[in-house]
Amino acid sequence: MSDELPRYFPLGEGKSYQLGRITLTFKTSATDTRSAYTLCEAVEPPDAGAGLHCHLSYDETHIICEGRYEARLGNKTLQLSAGDMFFAPRGTPHSIKCLGPETGRELMISSPGGVFDAFINEVVRSMTASPTGGPAVFRAIAAKYGIEFLS
């Protein structure tokens, strides 16, 4: 039996980070789910998203809630809209970009929990402490969490 209490998450609630033009709001964390998963909502304006990357430390599911997206999953290019989803197991190269013209919104589930949120927290803290750190610092932090950017 779980010691956790059931929770309701209204729209906009959670720990939010601004990463460039993307807003990431963590709805659940590893603490909430006994490390099973982390649930994050991403709000992305047109032409924003994550470049081609892979992670060896967690699996990731993307669920499109609003907007139009293009994603790469392994060797396939996908056109996605509300209700579509894809699963990227550990080590699978993938990317996602909002095509517009409207802002997109997606939910991302990473499992096990705690890795993706720790990565984002460290990146945002680093950007705040040293705004001129640039891509080399971002890639070094990513590597600590088993994330490799391929483009």
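Heavy-atom basis, side chains included; hydrogens, waters and symmetry copies ignored.
Contact between G51 and S95 at its shortest, heavy atoms only, is C-CB, 3.6 Å. Taking all atoms of both residues into account, the shortest heavy-atom contact from G91 to L56 is CA-CD2, 3.7 Å. Across every non-hydrogen atom of I22 and A42, the tightest pair is CG2-CB, 4.5 Å.
Rounding to the nearest 0.5 Å gives a distance of 8.0 Å between NZ of K27 and CG of L39.
Partners of K144 by salt bridge (charged side-chain N to carboxylate O under 4.0 Å, His left out), not counting sequence neighbours, listed by chain and number: E122. Every side-chain contact (heavy atoms from CB on, under 4.5 Å) that R139 has, sequence neighbours left out, goes to F149. With sequence neighbours left out, S16 forms a side chain to side chain donor-acceptor pair (under 3.5 Å) with T25. D84 pairs by the salt bridge (charged side-chain N to carboxylate O under 4.0 Å, His left out) definition with nothing, not counting sequence neighbours. With sequence neighbours excluded, the residues satisfying side-chain contact (heavy atoms from CB on, under 4.5 Å) with Q18 are T23. The side-chain contact (heavy atoms from CB on, under 4.5 Å) search around V124 returns Y17, L19, I120, T128, not counting sequence neighbours. In terms of the side-chain contact (heavy atoms from CB on, under 4.5 Å) criterion, residue partners of N75 (sequence neighbours excluded) are, by chain and number, R72.
The salt bridge (charged side-chain N to carboxylate O under 4.0 Å, His left out) pairs that include a residue from residues 47-63 are D59-R90, where partners are two or more places apart or lie in different chains. Every pair passing salt bridge (charged side-chain N to carboxylate O under 4.0 Å, His left out) that includes a residue from residues 7-26 is listed here, sequence neighbours excluded: R7-D32.
Under the 4.5 Å side-chain contact rule for hydrophobic residues, Y58 and V123 share a cluster. Under a hydrophobic clustering in which Ile, Leu, Val, Met, Phe, Trp and Tyr are joined whenever their side-chain heavy atoms come within less than 4.5 Å, directly or via other members, I147 and Y37 fall into different clusters.
Hydrophobic cluster membership of L78, counting Ile, Leu, Val, Met, Phe, Trp and Tyr whose side-chain heavy atoms lie under 4.5 Å apart directly or via other members: I64, Y69, L73, L80, F86, I96. Applying the 4.5 Å side-chain rule to ILVMFWY residues, one finds that Y8 remains a lone member of its cluster.
F138 and F119 have their aromatic ring centers within a separation under 6.0 angstrom.
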Return a table of donor-acceptor pairs under 3.5 angstrom between the side chains of residues 100-118 and protein atoms on other chains or two or more places apart.
| unit_1 | atom_1 | unit_2 | atom_2 | d |
| --- | --- | --- | --- | --- |
| R105 | NE | E66 | OE2 | 3.1 |
| R105 | NH1 | E41 | OE2 | 2.9 |
| R105 | NH2 | E66 | OE2 | 3.2 |
| E106 | OE1 | H62 | ND1 | 2.6 |
| S111 | OG | A36 | O | 2.8 |
| D117 | OD1 | T38 | OG1 | 3.2 |
| D117 | OD1 | G114 | N | 3.2 |

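Side-chain contact between H94 and H53 is present, with at least one heavy-atom pair separated by less than 4.5 Å. A heavy-atom distance below 4.5 Å is not found between the side chains of T92 and F87.
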